[in-house]
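Protein chains get the first letters and strands the later ones, always in sequence-line order, with residue 1 at the start of each.
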Amino acid sequence: VGEFFSTCGFVQPSKECKSRLRGGSHLAGAANNVAPFQRDGAEGCPSCNFLVCVCARAPPSVTRVTSVLTHSSGELLLLGTEGGHVFIVEVPGFRDCRSTIHSDLQKPPYDYIGRRNLEHVEALQENPINSNQVAIGYGRGLMVIWDLNHRCAIRHIPATQQLESMWWTENGSCILSSHSDGSYCCWTLRTGDKKEEEEKSNIPYGHFPCKAINKIVQLPTAGGPPFLLFSGGMPRASYGDRHCITVIYSKTQVAFDFTSRIIDFFVIRDGPHHTEPSALVVLVEEELVVIDLQTEGWPVIQTPYLVPLHSSAITCSHHVSAIPLKLWERIIAAGVVQNTQYSKKLWPITGGQNLAPDPPQRDLLLTGHEDGTVRFWDASGVCLYPLYKLSTAAVFNADADLNDNMSQSAEGEWPPFRKVGCFDPYSDDPRLGIQKIHLCKYSGYLTVAGTAGQILMLELNDEAAEQTVEAKVVDLLQGQEGFRWKGHTQLDVREEPVLFPPGFQPFTVVQCQPPAVVTALNLHSEWKLVAFGTSHGFGVYDYLQKNTVLVKCTLNPSDQLAMEGPLSRVKSIKKSLRQSFRRIRRSRVSLRKHHISNTNKVIQEANARLEAELAEMELAPVQRKIEARSSDDSFTGLVRILCFADTFLSDSSHNTPSLWAGTNGGTVFAYILYIPPVEHRADEALTAQPAKEIQLMHRAPVVGIVVLDGHGAPLPEPLETAHDLARSPDLLGSHHVLVISEEQFKVFTLPKLSSKMKLKLTAVDGSRVRRVGVAWFGSSRTEDYGESGLVFLTNQGDVHVLSLPHIKMQIRYPCIRREDVSGIASCVFTKQGQGFYLMSPSEFERFSLSTRYLVEPRCLVEAPLPPVFSNQHQPKLEGASSALRYMLSPYFPFFLQEIQKSLEGDQT
Amino acid sequence: TVLKPKIPQKYTEPTTRINSFKFEAEYRRFGLKRNGFGGFQEFYHLLQNIHHIHDLLPINNDENFHKAVSSANPVLRIIITKKEGDSVVYTTNSLQRRRKGLGLTGLRPAGSGSIHSKNKSGLMIGPPQDFRQISSIIDVDILPESYRRVRLHKYGSKKPLGFYIRDGVSVRVTPQGVEKVPGVFISRLVRGGLAESTGLLAVNDEILEVNGIDLTGKSLDQVTDMMVANSHNLIVTVKPANQRNNVAPRGSKNSMGHSGSVGSGGSIGSALSHDSPSPASQSNPITASIAEGDSYEEDDDGDVILENDCLSPNKYYPVTNSNSSTLNRDSPHKGQHSVIPQSVSMPNSLGTSLSHSATMMSHHNGGSTHSVSSSQESMKEDGNVITL
């Protein structure tokens with residue numbers, strides 16, 4: 001969860017936050033001041049001065065903390081342990097108050113029989129109207145109300161079911177307890193009477209066995225029935241796998257159904273006295289969901305930050321810098337239309353200030369997802385904000401029913417489920433997955449390509465439109481014989497007109513045959529051409545005339561692996577599925593972990609050790625084959641890079657449009673394109689003529705091709721000069737082409753293609769180029785000076801900058817851990833020397849190599865005000881900021897020893 | 001067995017220096033009295049004796065022999081090889097194998113016509129047609145005796161390199177005592193592969209350098225990538241697991257501590273002296289590895305560029321057009337013309353190689369650790385570094 005919170009790089013912390021961390025560690029916090037607390041030997045996370053952290057990985061022992069109560073006085077911390085003891089500790093000094101409540105002091109009532117042990121302390125609650133009273137809930141079910149002043153038990157509440165959680169109602173008159181059998185009870189505390197009365201025991205989703213209610217909360221409203229909220233309690237057999245929070249208010253009952261495990265929830269209250277429940281904040285494993293409890297229908301409030309990037313797994317990303325205002329506004333307008341289902345209410349969590357200056361330009365980050373969607377994120381500042389979501393699934397006849405939105409509960413369905421949250425890891429059809437994206441920011445044309453060889457051309461339209469998408473099948477094999485594609489089939493394009501909402505609307509689909517994943521894509525909006533490549537070849541499509549200009553097969557006829565399709569991919573899906581099931585099982589185990597008896601633990605540990613040893617044995621004999629690359633290797637024909645350039649390919653006096661393609665086998669193909677003059681562009685035929693071919697001797701995959709003009713500067717983007725945003729390229733001096741393979745950089749002259757310079761990378765340091773981009777580095781001192789550089793990321797996770805055109809090493813910086821293969825694969829560079837990569841499936845890390853363009857989180861969280869205590873006789877704290885200092889105070893280890901000692905004494 | 005004369009060269013010493021090279025595997029240098037060299041038969045027997053060849057040399061006649069001598073003016077280069085059967089050749093005893101790979105082999109006769117050569121009947125005198133160097137031991141003179149630097153020539157060969165590497169633990173002796181450090185080792189040799197057929201590499205040999213670059217701190221994957229990137233001309237420095245075949249730096253005769261070290265049990269001709277090392281092994285110890293690295297730039301410029309008129313996709317063979325093969329074949333000729341006159345005596349030749357190293361060094365310093373070079377420069381280097 002901690003990781004989750006740093007999604008988008010920026011967290012506006014809330015003042016009120018109470019949650020349970022992944023893996024069972026506790027994170028309790030309130031506006032009160034409580035010192036950070038760290039258990040011995042365990043790694044704690046003293047994040048800020050009003051948080052209490054207890055680490056989850058503490059070794060199982062009687063001293064393991066199982067619950068924490070931060071007392072409202074701000075001076076006491078109550079720690080319940082596995083052994084059933086409650087330690088009362090003074091904070092922030094961590095001095096033991098010598099008032100440990102031992103479980104054997106409790107003397108349970110006589111009729112609470114047959115129970116040798118009260119078990120661990122499951123819950124601790126303070127009486128909201130009398131801070132001297134604390135309720136202690138034991139795992140077995142017994143609840144004890146303890147008077148802190150007199151150090152004695154006032155009452156015993158003999159619940160007989162395994163206790164899950166406890167809630168003391170606002171007016172102090174009732175205690176709600178929730179239990180492992182899916183029931184909750186309300187115990188009324190009558191003053192003067194020694195007997196507690198179980199008012200009602202209720203199994204909300206009853207009849208059949210239910211799962212535990214993990215947490216229960218009841219909140220009064222000013223003029224009406226109270227809100228009752230609880231998590232869990234679903235019928236075990238039919239809905240045991242759902243992650244639900246049920247909200248009951250008056251006659252309304254909704255079971256909010258989340259897509260990932262619930263970690264914790266709390267309710268924000270506003271109104272003049274902060275008593276009216278206004279919003280439910282739920283932290284689930286993959287996202288943060290806030291539900292508006294004051295608006296009819298309880299809609300979700302859109303999250304301004306912490307939006308899950310990985311609602312469907314990210315398969316690719318594309319960054320576009322400096323978006324023209326016009327396009328920006330149109331995209332936002334298209335996005336606004338999509339967000340009608342959200343509550344109008346303002347984001348209820350406040351706190352913290354963003355001090356970062358307004359971003360100098362508008363940047364877009366486009367993420368392609370496994371479910372065929374492309375999400376547009378505002379990447380101008382620190383926080384990624386969703387602007388617009390494009391779905392490509394509507395173009396195709398998918399197997400899954402598209403109208404199955406959010407499983408809207410049918411009338412009378414029980415439990416009354418409502419799906420919330422946008423995290424949805426299940427893809428209907430893996431073929432829809434987006435693999436490559438290219439957006440032209442000047443023309444508003446977008447092309448996206450996917451797993452089943454589909455290339456969609458889309459145009460931004462401000463109005464909804466019903467149109468038929470034209471499909472064009474391109475045979476990349478060019479009649480090669482003996483081919484048997486064993487991969488997935490191609491997608492079925494809908495023949496009837498489809499209604500597309502405002503935004504990017506597809507008008508043409510090119511489908512590669514065989515339908516292998518698209519591995520390279522480029523768009524030239526000035527020439528109105530799109531180039532695409534797969535493991536079998538590449539093609540150029542004219543989207544104005546709607547026909548194919550060029551098809552080239554690069555497949556080596558003996559390359560069986562490329563021929564037969566992505567069998568290994570199928571395997572990996574199976575594997576990942578299996579792993580995810582295992583993960584689910586593991587998380588279930590961890591959920592229940594402190595109920596496991598000691599013998600079980602021993603067995604588990606032994607098993608874990610054995611497993612680790614086995615894993616090591618499997619890994620031990622790693623060996624690597626040393627062999628030169630050859631033309632017979634697999635996937636040599638896979639197209640890695642496609643690039644359009646207006647340069648000198650035939651002779652040194654006439655520049656012509658050209659297409660460059662680089663393959664996995666170290667081959668570069670160059671074609672001269674004939675594009676008719678503008679007035680005949682729509683009717684005259686376009687042609688492509690093969691001009692040059694380079695076979696790199698070392699045969700490493702070609703990952704980048706950059707054409708440099710007479711000044712040695714990279715050629716501008718299409719339409720860039722037309723919009724007066726770039727200097728037009730120098731066409732007088734001689735051009736060069738820089739071919740970047742995984743192993744080396746090589747500059748060739750144009751049009752002769754004689755080798756001019758080269759830089760070896762792999763031969764020298766053993767790293768290989770994974771990602772490459774051209775960036776412009778502006779000087780931080782003067783506005784008008786800057787240099788172009790080549791930025792690349794190696795498989796060792798290092799980012800390097802090379803000068804252009806002389807390809808000299810400028811700087812190397814270790815950026816990503818070399819083990820983080822998916823992080824390295826996900827990296828994208830911006831045109832201004834920044835970059836993004838996925839540090840986890842849900843988080844982008846942003847880095848900058850440029851001194852001028854730097855985006856950094858600058859924010860401020862004001863420390864909470866000094867607390868006002870109800871019991872004034874106690875000394876006040878010095879101030880919130882002092883809390884962290886106490887972490888290092890000499891009392892701290894002393895306190896830990898104290899606990900240890902008192903327990904050892906207890907045991908002997 | 002083939003004997004062939006090479007480009008001749010002036011030389012003045014009382015004895016004729018003869019370098020003889022058998023099967024690309026056994027290298028002998030010996031002297032021959034200038035005025036008492038005798039006839040062909042005598043020389044033939046001498047060679048037979050030196051190389052332990054008793055029945056392999058085909059009978060040749062005086063006429064042929066004298067013709068060879070007359071056409072090869074001052075230097076007669078003798079290369080002895082088998083006519084057929086390449087791979088078998090290298091499976092002989094490793095002591096002999098240590099002698100090969102010095103690249104330049106030459107017989108330098110004295111003055112006028114006192115030169116001997118042999119050739120097999122029916123074979124032309126000239127560069128061998130069915131002959132290709134596949135491996136060599138280099139820099140014997142500058143490496144510690146427990147190390148071995150092996151060059152595997154991959155170009156033009158259909159044979160796979162054929163070996164596997166693995167992670168392992170290497171024991172190093174440091175001033176602090178014995179230390180265990182991670183290392184990379186050869187884990188497997190593929191039968192019939194280049195690595196196995198040289199006999200110079202063995203399972204469990206520790207790999208210390210790849211093309212002159214130290215592997216300390218590099219992961220197995222990095223080392224793999226480096227080797228693959230250098231696969232066309234791979235030079236690995238290994239610490240052989242079997243240290244028994246090491247070449248002891250014995251100060252034998254006038255070897256000056258250099259590659260006289262090659263002298264070991266193999267040579268019988270006691271009257272013949274072990275001679276100065278070949279220029280290949282004379283390179284300055286400090287710059288040797290760098291010089292090598294650079295001299296191998298050549299092989300990468302073998303990119304094939306097809307113009308549109310000859311564009312017929314999927315039908316090119318880089319070997320035919322690669323600079324490397326032609327350059328390697330040509331370089332001895334060029335090199336000897338221009339540089340060998342200096343290398344007749346030790347000090348001179350050392351100076352030459354030093355100056356080469358110097359140019360390469362400065363050139364190398366131009367870039368950072370990553371050497372940037374232009375193809376023209378590397379072309380020049382190819383010409384200069386005679387024997388590589």
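- Across A/Arg818 and B/Ser219, no two heavy atoms sit closer than the pair NH1-CB, 3.4 Å.
- Residues B/Thr224 and A/Lys625 come closest through the heavy atom pair CG2-O, 3.8 Å.
- When the ring-ring contact (aromatic ring centres under 6.0 Å, His included) test is applied to A/Phe745, the partners found at least two apart in sequence or on another chain are A/Phe792.
- Using a distance-only test at 3.5 Å, with no hydrogens or angles considered, a donor-acceptor pair links the side chain of B/Asp303 to the main chain of A/Met697.
- Open room surrounds OH on A/Tyr813; 12 or fewer heavy atoms of other groups in view lie less than 6.0 Å from it.
- Contact of A/Glu742 with chain B is not made at all, since no heavy-atom distance falls under 4.5 Å.
- Annotation: side chain to side chain contact (heavy atoms under 4.5 Å, CB included) contacts of A/Asp820 (sequence neighbours excluded): A/Ile816, A/Arg817, A/Ser822, A/Tyr837.
- Side-chain atoms of A/Ile694 and B/Leu306, non-hydrogen and from C-beta on, never get closer than 4.5 Å to each other.
- Most heavy-atom pairs under 4.5 Å with chain A, from the set B/Ile165, B/Val223, B/Val228, B/Leu234: that is B/Ile165.
- With B/Asp225 as reference, A/Arg768 is the one residue of A/Arg770, A/Arg629, A/Lys760, A/Arg768 to meet the salt bridge (Lys or Arg N to Asp or Glu O under 4.0 Å) rule.
- Looking at A/Glu627, its side chain does come within 3.5 Å of a backbone N or O of B/Leu161 through a donor-acceptor pair.
- Residues B/Ile213 and A/Ala763 come closest through the heavy atom pair CD1-O, 3.4 Å.
- With a threshold of 4.5 angstrom between heavy atoms, A/Arg624 approaches chain B through its backbone and through its side chain.
- Put simply, of A/Val668, A/Leu696, A/Ile626, A/Thr762, the one with the most heavy-atom pairs under 4.5 Å next to chain B is A/Ile626.
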